[in-house]
Amino acid sequence: MTTLAGGTDTLTRDALTVLQPGFAGTTAPDWLLRRLGEGLASVGLFGRNVASPGQLAALTAQLRAERADVLVAVDEEGGDVTRLEVRTGSSFPGNHALGAVDDVALTREVARELGRRLAACGVNFDWAPVADVNSDPANPVIGVRSFGADPDLAARHTAAYVTGLQSAGVAACTKHFPGHGDTAVDSHLAMPRIDVPAEVLDSRDLVPFRAAVAAGTRAVMSAHILVPALDPDRPATLSRRILTDLLRGELGYDGLIVTDGMEMRAIAAAYGIERGSVLAVAAGADAICVGGGLDDDETVRRLRDALVSAVRSGELPEERLADAAERVRRLARWTAQAAPGAAAPDANGSAAGASPDDIGLVAARRALTVTRSGPYEPPASALYVAAFTPVANIAVGDETPWGVAAELPRLLPGTVTGSFTGADAGPVALTAAGDRRIVAVVRDEHRHPWMTAALDALLAARPDTIVVEMGIPEAPPRGALHSTPRSSWTRPRQPS
């Protein structure tokens with residue numbers, strides 16, 4: 001593709017301004033610094049870019065030396081989805097745990113502390129919180145990333161999260177509009193479709209987004225989902241009916257609209273990233289997120305030139321691109337004026353009487369439910385941790401450790417861990433454990449028949465097995481001891 005402009009004219013600068021690319025490595029490459037000088041205003045960071053808080057602070061300082069008001073975004077939800085602590089696991093519980101506790105002051109405090117840590121590293125834009133109402137318990141991509149299945153619960157915690165995060169000077173990006181909770185397909189892999197009447201969407205999926213708008217969320221992220229009741233032809237990211245008429249018009253939202261990753265197959269496979277980006281901006285999106293899988297200068301050039309070509313051909317109105325670029329700059333001005341980490345305690349004080357450094361642990365403990373099946377003898381010697389590991393969705397990634405394996409050896413030295421999956425997981429885990437007492441760690445047992453079969457085999461042979469559910473507690477509790485985040489589901493649970 002021939003480069004259409006040298007990077008200095010207004011049209012080309014606007015095209016660069018609306019891009020939110022990623023890159024490889026823990027220092028900024030020369031091409032990225034050059035693009036910042038040409039008009040690029042945002043950069044997205046991923047796990048590959050983060051080695052430590054000190055390194056991250058040095059990286060963001062490097063970016064700001066080139067452009068002082070650059071927006072530095074990261075996908076930091078806490079819980080499963082963490083980039084700040086990608087190698088160790090998050091110090092903060094995810095949304096499902098916070099929703100289960102249902103203490104909005106606690107959620108606000110967790111989000112404020114998370115924002116404070118991001119701001120201390122130079123990050124000023126967080127692609128969080130998830131506002132999706134997880135109405136389908138089999139959802140393969142949202143799950144514990146959601147506050148729960150109750151729209152009102154999700155709404156009050158979304159608003160609290162937005163308020164807490166932004167009080168630390170970090171812009172919140174509420175996602176995934178108009179709601180990704182009732183999907184059975186991961187949009188990283190294909191196009192999900194939600195076939196429910198508009199009345200259901202209005203009373204369920206849109207409720208948390210209204211709360212986020214009322215709370216002043218600085219950004220909203222679109223979902224790559226087809227919702228025929230709202231637009232039978234285009235997915236939300238590419239739909240003027242959804243982004244402009246609904247979000248801007250009916251919900252009265254005036255902040256930044258950013259797309260989910262354009263390289264996700266829901267868009268890339270059907271439209272291509274260049275065509276998809278043009279359609280997204282034309283529909284009302286202001287920032288094009290790309291870089292989770294495409295992280296080079298060629299991608300930036302292709303998208304810049306596609307936007308410039310679309311304006312020159314008349315397909316994309318120049319004023320729409322200029323408006324999008326100005327919304328990016330407006331958010332950059334807000335982050336520059338905000339006082340990172342300087343927020344005073346809210347009127348409710350400390351939600352848990354905890355210092356900021358341990359608020360994540362306090363929140364996680366409050367979210368825990370323990371069920372005993374009968375008399376219980378705590379373990380006194382080294383254990384065998386059998387982690388029954390499903391394939392991680394792309395939003396979570398497979399870089400971040402999960403479960404209890406990293407912590408138990410500190411309490412019971414000599415404890416070891418094995419990871420198992422598939423039809424023979426249970427018998428293989430039994431053999432590996434030998435005569436050690438077993439801790440079985442599962443995630444969303446209700447979604448994985450092989451996992452249920454593995455627990456059946458373990459508990460039949462070793463009824464003293466301790467079961468730790470790390471996902472949504474839809475399956476009945478079992479084991480000598482069963483530990484799980486408290487349920488925030490509103491429909492009746494299966495009898496145990």
Side-chain angles (χ1 to χ4, degrees), residues 78-82 85 87-94 96-97 100 137 140 143-145 361 364-365 367-373 376 378-379 381-393 396-487:
D80 273 4
V81 178
T82 179
E85 299 177 276
R87 310 296 173 206
T88 59
S90 180
S91 300
F92 301 91
H96 179 74
V144 293
R145 300 168 66 199
L361 180 59
R365 284 173 171 165
L368 195 66
T369 291
V370 176
T371 305
R372 292 175 173 83
S373 61
Y376 171 71
S381 58
L383 299 164
Y384 189 85
V385 179
F388 295 112
T389 308
V391 176
N393 70 64
V396 174
D398 56 8
E399 320 163 90
T400 305
W402 66 284
V404 299
E407 301 300 324
L408 275 179
R410 301 177 190 175
L411 300 174
L412 295 169
T415 293
V416 295
T417 299
S419 182
F420 307 91
T421 190
D424 60 350
V428 173
L430 277 169
T431 300
D435 59 359
R436 293 174 183 242
R437 192 169 181 184
I438 299 172
V439 176
V441 184
V442 298
R443 184 192 291 265
D444 293 342
E445 182 201 339
H446 67 283
R447 290 183 51 229
H448 304 287
W450 69 264
M451 202 178 287
T452 298
L455 280 185
D456 289 343
L458 248 62
L459 293 172
R462 304 282 291 276
D464 65 343
T465 292
I466 299 165
V467 179
V468 180
E469 168 63 82
M470 300 293 295
I472 292 178
E474 278 288 286
R478 54 191 180 140
L481 192 76
H482 186 276
S483 174
T484 182
R486 280 193 280 172
S487 176

With a 3.5 Å cut-off and no angle check, do the side chains of S91 and E85 form a donor-acceptor pair?
yes
State whether the side chain of E474 and the backbone N or O of E445 hold a donor-acceptor pair below 3.5 Å, judged by distance alone.
no
Angle between ring planes, F388 versus W450, binned at 30° and 60°: parallel, tilted or perpendicular?
perpendicular
Could you walk me through whether H482 and T465 pass the side-chain contact (heavy atoms from CB on, under 4.5 Å) check?
CA-CA 9 Å; H482 186 276; T465 292; over 6 Å; no
Given T417, V439, V441, V416, the one that forms side-chain contact (heavy atoms from CB on, under 4.5 Å) with L408:
V439
R436 and I438, any side-chain heavy atoms less than 4.5 Å apart:
no
Using every non-hydrogen atom in the two residues, find where P378 and R437 come nearest and quote the distance to one decimal.
C-NH1, 3.7 Å
Step by step, work out the side chain to side chain donor-acceptor pair (under 3.5 Å) result for T389 and S419.
CA-CA 6 Å; T389 308; S419 182; 2.8 Å; yes
Determine yes or no for a side-chain-to-main-chain donor-acceptor pair under 3.5 angstrom, with H96 supplying the side chain and G471 the backbone.
no
Do the non-hydrogen side-chain atoms of T82 and F92 ever get within less than 4.5 Å of each other?
no
So which heavy atom on R443 is nearest to which on D80, and how close?
NH1-OD2, 2.6 Å
Flag the pair L412 / S381 as yes when at least one side-chain heavy-atom distance between them is below 4.5 Å, and no otherwise.
no
Testing the basics here: between R372 and L481, what is the closest heavy-atom pair and its distance to 0.1 Å?
CG-CD1, 3.4 Å
S483 versus L368: any side-chain heavy-atom pair under 4.5 Å?
yes
With the side chain counted from C-beta on, respond yes when R478 and D456 share a heavy-atom pair under 4.5 Å apart, and no when they do not.
yes
Interatomic distance, M451 atom CE to D444 atom CG [nearest 0.5 angstrom]:
7.5 Å
Within the structure provided, determine whether V442 and L455 are in side-chain contact (heavy-atom separation under 4.5 Å).
yes
Heavy-atom side-chain proximity of I472 to R447 below 4.5 angstrom:
no
Correct closest heavy-atom pair for S90 and G78 would be OG-CA, 3.6 Å
Kindly say whether L383 contributes a backbone atom to a donor-acceptor pair with the side chain of T415 at under 3.5 angstrom?
yes
Where is the tightest heavy-atom contact between A386 and A429, given as atom of each residue plus distance?
CB-CB, 4.1 Å
Identify the two heavy atoms, one from S373 and one from G479, that lie closest to each other, and give their separation to 0.1 Å.
OG-O, 3.0 Å
Where the side chain of R462 meets the backbone of L430, is there a donor-acceptor pair that is under 3.5 Å apart?
no
